[in-house]
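We name chains A, B, ... by the order of the sequence lines, and we start the count at 1 in each one.
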Amino acid sequence: MLELLWIVPFSPLLGFLFLVLYGRRLPEKYVAIIGTGSVAISSLIIIFLWIGFLRIFYEESSFSQKLWTSFSIDQISLSFSFYLDALSLVMISVVALVGFLIHLYSIEYMRKDEGFSRFMAYMNLFTAAMLILLLADNVFLLFIGWEGVGLCSYLLIGFWYQDQKNCDAAMKAFFMTRIADTAMMIGMFFLVVHFGTNIQNIVVNIKGEPTSTWLVIASILVLLGGLGKSAQVPFQTWLPDAMAGPTPVSALIHAATMVTAGVYLVARFHTLFSLNITVQELVMIVGLITSIVAGLSALTQTDIKRVLAYSTMSQIGYMFIALGSGAFSVAIFHFVTHAFFKALLFLCAGAVIVSLGHEQDMLKMGGLRKKLPLVFWTFLIGACGLSSIPLITGGFLSKEMILSQTYTAPFNMSHVYWGIGVLGALITALYTFRMLILVFWGEEKGKIFHHVSFVMILPLLILAGFTVGSSLLENRVIGISLTTFLSPVFGALAPHSEYSDLLPIIISLLTLAVVSFSFLLFLRNVTLLSSLKNSGLGSFVHKFLTAGWGFDFVFTSAIVKPFLLLISLIKKDPIDIGCGGIGQSILWLGSNFRKSDTSVLGHYIVSLILGVLLLLGGVLLYIFVLT
Amino acid sequence: MILSLHQGLAVTMIIFLIGVFGLLTKKNLILILLSIEIMLNAAGVAFVLVGAHLGKADGQVMFIFILAVAAAEVAVGLALILRCFKEFKSINISEPILRRLRS
Amino acid sequence: MTILFYSSAVLSIIATFLAITRHHPIHALLYVILSLISLSVMMFSIGAFLAAALEVIVYAGAIMVLFVFVVLIINPLTHEDVKCHFNFKKLILPVFMMLILTGEFVFALFLQQPTKIVSEFVDVKSVSQELFSTYAIGVELSSMILLAGLVGAFHLARRSKKKEGEIS
């Protein structure tokens, strides 16, 4: 059964090829069927893979399938080999499932668009690349998947390319992730040089290495690569602008799957990162900074998709916090729950946007609770997952596990980090419910243009069901535990005996308090808010937070402007002018020499005698020097 | 006074220089050609002097060749002058028509 | 012998100088002929008999005569007015160049030690032997040059068939 593994990435790839070649000529129905069907096939195969994997789970914990080798020189090789263990199985299940639901959703969403087949083709290519990335057992294959998702992200952000703004956003995403990718490549090459290209080989052998400087450098470089793809500080400014793409794209790529590629990278190379305590602390600090920066920025946004983008950044920050504290399986658990509720939130937002006639400004929305009931309830479930409201959704469980692991992490300041994490959770609750209230409560400001059809509602319902159901993934009562499932990969979770059971209860109560406070603030005391915003300090803080803490401004003035200045200096192509200058000078010389042709006989005679003089003088000089 | 090669060569030198001066200064085409002949002759005499000094026949042989070349060149040059006179009705090189020989 | 040498040398220098200062072409030509003949005497005095003879026969006797014929045909003086005044400004450049050339020649001359002018007389027989053995090819080439000159002169100076009533 496990031999069907290769179908999983190749089915969407085939779908992509077919759509890219013939999609324009096919009617919409067939494009939709092929596009969604290829991902459905992958999901189906994954079900078989689960069955097969669980059967062999107690004897061996992984399965690898080698398709072919492109080249092989000593240790360096490019072999298309897939590796299936608990980590990759969990991740491809989420990617395929969420991907399938989003493909279904986008049939209705993008149906009227004239680039529908192009859209489906790109989405398929993205799914294929992501699956290749997750299943890769070879560093170069990982690259192929990595670059593939980056490419598709670019193509899909700039999908409506007629608008320059979208193209700029796409390029910004591409450039930023490119810079990070370069760091990652260098780090990877360090590892390849020492351990060869087989990823499992690298992961296993690193454990035996004593901590050396180059390993630390390699880990930092690989981390930088992951930070770029996952939109963490300092590479985070591309994600809010990436919301220029269609909503299904934001849901799939920039919420559930691609941005978690960085998390997957760190998790896959977990032995590399657990070698040095400073690197671990660095990972955690990056996660903390991002979650706070993004959370605060989300508080003041007016575009509903931008709120969700900053929220994604913040939640992935939480995943990195988990990675930094050594609890890799908890990070994956949070990834699973986050994928469900974030995709749900994005799709609901898309439904709201479409119903209001492509209106994305939350200040122009309001009171949609009665008008769009299904959307409202699913959105509420997603919001509960995001703010980790206790007992309803799995989001609560994953965040609580992260916080407990942070508390017991082997750092000096781990209690402080825990405190910051709790603060971040409260801020998350605040901005989530602000968004909810602004859209669904209050007076009605927008007009419903048309109601969404069932094809769009269905994925919402399914995802809502999964969000609630993901709380069952770590349920001691039933006996399922995702973290134990992942323990062959990462090792067992460190026990947290010093983390009293009282703390999660306190945090939950605080969260509920913040939720009710948000109702009070955003629903009742709107005047208080506006007066706060208009005050001197308040308006500055508001502007600062809306601009994402000024990172864009810093990047533009420190990097982009000097670069453009340098380019403008060589705009006239000085080297070409220099090369042309040789020809120019010869022409000038020639035209000046031509002036000696005066056609006056007397001049010619004079120049003749002059030549004789010079010649004779030269010869005499020569003789004189010789003697 | 002993006769030395230097004195003989000095004589030819002076004649050559006079020829150069004539070449540079004169306006009449025929006189320019004449100056060229003076120069050629001076050169030939120099050859003869050196040949006599060395006691070899090569100097005079060279002189004979120079003579032949000068003869041919004079013939062609004078034919050209005749042509020039026919076309432009003047052999004074300072006149405008001859000054711009392009036309 | 030496007196002959010096006097003929001086004579030829004076004659050449006078030749270039005349503006009547016939006068200049006659002075040049005088100069050539005196040079020939100079060559006689050092024993270069063939060269001296050939100078008179070919140079003074054929080439200069050719000049005279052309001058007679063209008759240039009737076409220009007699200008006697010297234009000193126009002489600066020639004189300057002359001086440099003179300096160079003098320098070249005194690079060597002064030596006796004649080691032995070279007679006609040895010259002609040399001419037709070692330099035979030169003889052939100079005959070709003369042929070229003949053809060229003939072609250039003949009367063109289109024009009539022209002096050719």
In terms of heavy-atom pairs under 4.5 Å, which option from [options] contacts chain B the most?
| options | answer |
| --- | --- |
| C/V139, C/L150, C/T134 | C/V139 |
| C/A62, C/S142, C/A48 | C/A48 |
| C/S143, C/G138, C/G152, C/A52 | C/G138 |
| C/L147, C/V10, C/L66 | C/L66 |

Non-hydrogen atoms of [X] and [Y] that approach each other most closely:
| X | Y | answer |
| --- | --- | --- |
| B/G8 | C/F5 | CA-CZ, 3.8 Å |
| C/V106 | B/M13 | CG2-CE, 4.0 Å |
| B/A57 | C/S126 | CB-O, 3.9 Å |
| B/L17 | C/M98 | O-CE, 3.1 Å |
| C/R158 | B/K86 | O-NZ, 3.8 Å |
| C/L146 | B/A68 | CD2-O, 3.5 Å |

Does any non-hydrogen side-chain atom of [Y] lie less than 4.5 Å from one of [X]?
| X | Y | value |
| --- | --- | --- |
| C/V71 | B/I30 | yes |
| B/D58 | C/Y135 | yes |
| B/I14 | C/T16 | no |
| B/L40 | C/Y59 | yes |
| B/V20 | C/M97 | no |
| C/V32 | B/N41 | no |
| C/L141 | B/F65 | no |

Which distance, rounded to the nearest 0.5 Å, do you find between the [atom1] of [X] and the [atom2] of [Y]?
| X | Y | atom1 | atom2 | answer |
| --- | --- | --- | --- | --- |
| B/M62 | C/E130 | CE | CD | 13.0 Å |
| C/S35 | B/I15 | OG | CD1 | 5.0 Å |
| C/H24 | B/N28 | NE2 | CG | 10.5 Å |
| B/I66 | C/L54 | CD1 | CG | 12.5 Å |
| B/L34 | C/I63 | CG | CD1 | 11.0 Å |
| C/L36 | B/I38 | CG | CD1 | 8.0 Å |

Given a strict heavy-atom distance threshold of 4.5 Å, which part of [X] is in contact with chain B: side chain, backbone, both, or neither?
| X | answer |
| --- | --- |
| C/F69 | neither |
| C/E55 | both |
| C/F105 | both |
| C/I145 | both |

Pick from [options] with the largest number of heavy-atom pairs that fall under 4.5 Å of chain C:
| options | value |
| --- | --- |
| B/L24, B/I18, B/V45 | B/I18 |
| B/G22, B/A52, B/G19 | B/A52 |
| B/I81, B/V50, B/L67, B/V74 | B/L67 |

(request) Show the numbers, then the answer: is there a side-chain contact (heavy atoms from CB on, under 4.5 Å) between B/E37 and C/M64? (result) CA-CA 9 Å; B/E37 292 311 309; C/M64 291 302 138; 4.1 Å; yes

Could you tell me which portion of [X] (side chain, backbone, both or neither) has an atom closer than 4.5 angstrom to a non-hydrogen atom of chain C?
| X | answer |
| --- | --- |
| B/L31 | side chain |
| B/A10 | both |
| B/F16 | side chain |

(request) Apply the test side-chain contact (heavy atoms from CB on, under 4.5 Å) to residues C/F67 and B/L33: give CA-CA distance (whole Å), side-chain angles for both, the deciding distance (0.1 Å), then the verdict. (result) CA-CA 9 Å; C/F67 263 103; B/L33 202 52; 3.8 Å; yes

(request) Please lay out, stage by stage, how C/V122 and B/Q60 fare under the test side-chain contact (heavy atoms from CB on, under 4.5 Å). (result) CA-CA 9 Å; C/V122 183; B/Q60 297 192 33; 3.8 Å; yes

(request) Give a yes or no answer on whether the side chain of B/H6 reaches the backbone of C/L109 with a donor-acceptor pair at less than 3.5 Å. (result)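 Yes.
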
(request) Under the side-chain contact (heavy atoms from CB on, under 4.5 Å) rule, what do C/I20 and B/T25 come out as? Steps first, then yes or no, please. (result) CA-CA 9 Å; C/I20 64 159; B/T25 321; over 6 Å; no

(message) Counting neighbours of CZ on C/F17 that are heavy atoms of other residues, nucleotides or ligands and sit closer than 6.0 Å, is the number greater than 12?
(response)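 Not more than 12 within 6.0 Å, no.
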
